[in-house]
A.B. asks: 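Have a look at this one.
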Number of protein chains: 2
Amino acid sequence: MLAICTRSRYKAQAVGCVMNISENITFPEASQEDRSLAIREALRNAIIDRRLAPGTKLSESEVGALFSVSRTVARAALQMLGFEGLVRIERNRGAFVSNPSPDEARQIFASRRLIEPGIIAAAVERITAADIKQFRRQLEEEQRHINERGPSARRAEIKASGDFHLMLASVAGNVILQKFMDELVGRSSLVIALYGRSGISSCGHSEHLAILDALEKGDGAQASRLMLHHIDHIEADLDLQLKQGFALKDALALT
Amino acid sequence: MLAICTRSRYKAQAVGCVMNISENITFPEASQEDRSLAIREALRNAIIDRRLAPGTKLSESEVGALFSVSRTVARAALQMLGFEGLVRIERNRGAFVSNPSPDEARQIFASRRLIEPGIIAAAVERITAADIKQFRRQLEEEQRHINERGPSARRAEIKASGDFHLMLASVAGNVILQKFMDELVGRSSLVIALYGRSGISSCGHSEHLAILDALEKGDGAQASRLMLHHIDHIEADLDLQLKQGFALKDALALT
DNA sequence: GTGCCCAAGATTGCATACGATTTGGCCAAG
DNA sequence: CTTGGCCAAATCGTATGCAATCTTGGGCAC
């Protein structure tokens, strides 16, 4: 069972799995629109927080029950997550939280190394003073989360770190690349939650600052270099070898 | 009505719109699996062939009726196309064939200019003699379609041209980039059908050959250069200005 | 004791039904 | 003749029911 699984693994915040997963959705009034989108967001957050362990089965009825919607709506949300690569959908079997292989993780970062310099190049041409201000606010927010401790802070920290890259994509003004980055950031967060070995963010944060400074100066080449290093650092903090040896046991345990 | 609309615009091949759109799906035996995928493919083909004009409404019931399935599975297919950007979905209004703006078209090609050199770089490291052989076969196929005339040949030609880029992505061995290219090729095909002014392919074909030759020699830098030129040429063949003046009328007419 | 088979339970795939929202036309007022 | 509002038809969003498929546990044969 979904509830039991997450509860047993993370007793600290186990006031009830239902509340854990759906905590962030305030269905109060306006959300008469597209509940499946809200559910997608909630599940997405739960996955990249690792509150839902890779391999966990997400049954349609269960998800539907958790959010008080029919299987139809739950199914739509799961389908969307399937497109993003955060869940794997097997016909007649159901949806499972993705368990990206080390190889896939490398491909994700290789893709980012390809795309993000392009985003920087576009962003440096279009970024405004207002944007910069917005970025600085965002980075302060990020810093705030880093100083806090506890699981929910770490969660906010990963999210904030990803948001920096998403804002960059937004400034670049290319909606297609923005969508790609959306997917890549989501998958990266999952991979970091899976294979990360430390608090990457303290170093990540200062790198974000450096990138922003370079952008402000209009030095796109420097910003690109910094971005590549940043991605390298994130990937270097991952532990992508070990699992290779445990592939068998791993598959046995939770695939 | 969907049928009437396409029939009136393309009388030449109007043996009946139903057959036109669903012609390629042979539901005979194996397709007990995921009919929505088959429908997605059929609609995708119809869209990039321009048998379905941009702005055309794709009603769930109508699509369902055409393929003899319920709205549920038709809806799933439309949702998938929405993710790919080939249709635009508006809440409580329905799904419409995308009408990408010139600006969006430029963003699509900008994305390709970013990603495809990366794919080349990865492919040149991994391509095998067998792959090369496969590519040559594919290019012969492409040539064959170019020599033929008629609407269905032009369709096969656009598809074959896109397949070259998809094969390249496949050889590169990065499933994420491969997925991105899938989307980009689909959207490019739509844009070419929309804004293309001539038979791009005759020149495109020789460029494909040149790229392959460079790859065979292991000259990734040269292959990348050729690829960028190739993309430039495709984009240069488009007529992205005119519509700007007609923006008002355009929005009025079929957005 | 081990391995295979089969039936019951659970879960997904799909179809259909019903309420909600939008649209287009009709009629009346200006 | 135009404009504004109201009503009906069409279409979407969602829930639910049924058939098909998969999983699992027990029983039987070897």
Side-chain angles (χ1 to χ4, degrees), chain A residues 1-5 22 25 27 29-43 52 55-83 87-98 251-255, chain B residues 1-5 22 25 27 29-43 52 55-83 87-98 251-255:
Chain A
M1 292 303 143
L2 194 152
I4 293 174
C5 168
S22 52
I25 336 178
F27 269 154
E29 359 74 63
S31 70
Q32 197 51 300
E33 45 150 317
D34 254 335
R35 288 176 285 176
S36 56
L37 269 190
I39 295 177
R40 165 182 165 280
E41 269 308 303
L43 288 178
L52 286 173
T56 305
K57 169 155 192 176
L58 301 173
S59 124
E60 295 178 358
S61 352
E62 220 163 349
V63 172
L66 282 176
F67 295 98
S68 315
V69 296
S70 77
R71 280 180 46 218
T72 309
V73 176
R75 186 184 181 78
L78 291 173
Q79 214 93 34
M80 289 193 276
L81 290 168
F83 276 113
V87 312
R88 182 171 29 91
I89 293 178
E90 299 177 21
R91 177 169 182 97
N92 277 323
R93 301 232 20 248
F96 304 83
V97 178
S98 281
L252 204 61
L254 35 77
T255 294
Chain B
M1 291 298 145
L2 195 149
I4 291 172
C5 167
S22 53
I25 336 179
F27 268 156
E29 359 77 61
S31 71
Q32 197 51 298
E33 45 152 313
D34 254 332
R35 288 175 283 175
S36 57
L37 270 189
I39 295 177
R40 165 181 164 278
E41 270 306 304
L43 287 178
L52 286 173
T56 305
K57 168 153 192 180
L58 302 173
S59 127
E60 295 178 356
S61 353
E62 220 163 350
V63 173
L66 282 176
F67 294 98
S68 315
V69 295
S70 77
R71 278 181 48 213
T72 309
V73 30
R75 184 185 182 78
L78 291 173
Q79 213 91 32
M80 288 192 277
L81 291 169
F83 276 112
V87 313
R88 182 172 30 90
I89 293 178
E90 300 177 20
R91 179 169 178 98
N92 276 323
R93 300 231 23 248
F96 304 82
V97 178
S98 280
L252 204 61
L254 35 77
T255 294

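Predicted, not measured: the structure shown is a model, and the values here were computed from it. The chains referred to below are lettered A, B, ... by the order of the sequence lines, with proteins before strands, and numbering in each begins at 1.
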A.B. asks: Whole Å only: how far is the CD1 atom of Ile39(B) from the C1' atom of dC14(C)?
C.D. replies: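 Taking atom C1' of dC14(C) as the reference, CD1 of Ile39(B) is at 12 Å.
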A.B. asks: Looking at dC12(D), I'd like to know if its phosphate oxygens (OP1 or OP2) sit under 4.0 Å from a side-chain N or O belonging to Arg75(B).
C.D. replies: no
A.B. asks: Evaluate the side chain to side chain contact (heavy atoms under 4.5 Å, CB included) criterion for residues Phe67(A) and Arg35(A): first the C-alpha distance (whole Å), next the side-chain angles of each, then the deciding distance (0.1 Å), finally the verdict.
C.D. replies: CA-CA 9 Å; Phe67(A) 295 98; Arg35(A) 288 176 285 176; over 6 Å; no
A.B. asks: Test of understanding: with side chain to side chain contact (heavy atoms under 4.5 Å, CB included), list the residues that count as partners of Ser61(A), not counting sequence neighbours.
C.D. replies: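 Applying side chain to side chain contact (heavy atoms under 4.5 Å, CB included) to Ser61(A) gives Ser59(A), Arg71(A).
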A.B. asks: Measuring from atom CZ of Arg40(B) to atom CG of Leu81(B), what distance do you get when rounded to the nearest 0.5 angstrom?
C.D. replies: 6.5 Å
A.B. asks: Should Arg35(B) be listed as having a side-chain N or O under 4.0 Å from OP1 or OP2 of dA15(C)?
C.D. replies: yes
A.B. asks: Tell me which donor-acceptor pairs under 3.5 Å the side chains of residues 72-80 of chain A have, and how far apart each pair is, sequence neighbours excluded?
C.D. replies:
residue, atom, partner, partner atom, Å
Arg75(A), NH1, Glu60(A), OE2, 2.3

A.B. asks: Write down the distance between CD (Glu90(A)) and P (dA10(C)), rounded to a whole number of angstrom.
C.D. replies: 21 Å
A.B. asks: What is the minimum heavy-atom distance between Ala95(B) and Ile89(B), and which atoms define it?
C.D. replies: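 Looking at all heavy atoms of both residues, the closest pair is CB-CG1, 4.1 Å.
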A.B. asks: To the nearest angstrom, how far is Leu58(B) atom CG from dA10(D) atom C1'?
C.D. replies: 16 Å
A.B. asks: Nearest-Å distance, CG (Asp34(A)) to C1' (dA20(C))?
C.D. replies: 14 Å
A.B. asks: Below the 4.0 Å mark, does dC14(C) have OP1 or OP2 next to a side-chain nitrogen or oxygen of Arg91(A)?
C.D. replies: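 So the side-chain polar atoms of Arg91(A) do come within 4.0 Å of the phosphate oxygens OP1 or OP2 of dC14(C), strictly under.
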A.B. asks: Just the table, please: protein N/O against nucleotides 16-19 of chain C N/O, every pair under 3.5 Å.
C.D. replies:
residue, atom, partner, partner atom, Å
dT16(C), O4, Thr72(B), OG1, 3.4

A.B. asks: Keeping Lys57(B) on the side-chain end and Val97(B) on the backbone end, is there a donor-acceptor pair under 3.5 Å?
C.D. replies: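 No; judged by distance alone, with no hydrogens or angles, the pair does not exist.
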A.B. asks: Looking only at the side chain of Val73(B) (C-beta and beyond, no hydrogens), which of the listed nucleotides dT12(C), dC22(D), dA15(C) gets closest?
C.D. replies: dA15(C)
A.B. asks: Phosphate oxygens OP1/OP2 of dT12(C): is one of them under 4.0 Å from a side-chain N or O of Ser61(A)?
C.D. replies: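 For dT12(C), OP1 or OP2 has a side-chain N or O of Ser61(A) closer than 4.0 Å.
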A.B. asks: From the options dA15(C), dC22(D), dG13(D), select the nucleotide whose nearest atom is closest to the side chain of Glu60(B).
C.D. replies: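 Comparing dA15(C), dC22(D), dG13(D) against the side chain of Glu60(B), the answer is dG13(D).
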A.B. asks: Relative to the 5' end of DNA chain D, which residue comes earlier, Asn92(A) or Ala95(B), by the nucleotide with the nearest heavy atom?
C.D. replies: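 That would be Ala95(B).
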A.B. asks: Are Arg93(B) and dC12(D) close enough that a side-chain N or O sits under 4.0 Å from OP1 or OP2?
C.D. replies: no
A.B. asks: Atom CG of Leu37(B) to atom C1' of dC14(C): distance rounded to whole Å?
C.D. replies: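 So the CG-C1' distance, Leu37(B) to dC14(C), works out to 15 Å.
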A.B. asks: Phe67(A) CZ to dT14(D) C1': how many Å, rounded?
C.D. replies: 17 Å
A.B. asks: If every non-hydrogen atom of Val87(B) is compared with every non-hydrogen atom of Leu58(B), which pair is closest and at what distance?
C.D. replies: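 Looking at all heavy atoms of both residues, the closest pair is CG1-CD1, 3.9 Å.
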A.B. asks: Any idea which of dT12(C), dT11(D), dA15(C) is nearest the Val69(B) side chain?
C.D. replies: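 In terms of side-chain proximity for Val69(B), the closest of dT12(C), dT11(D), dA15(C) is dA15(C).
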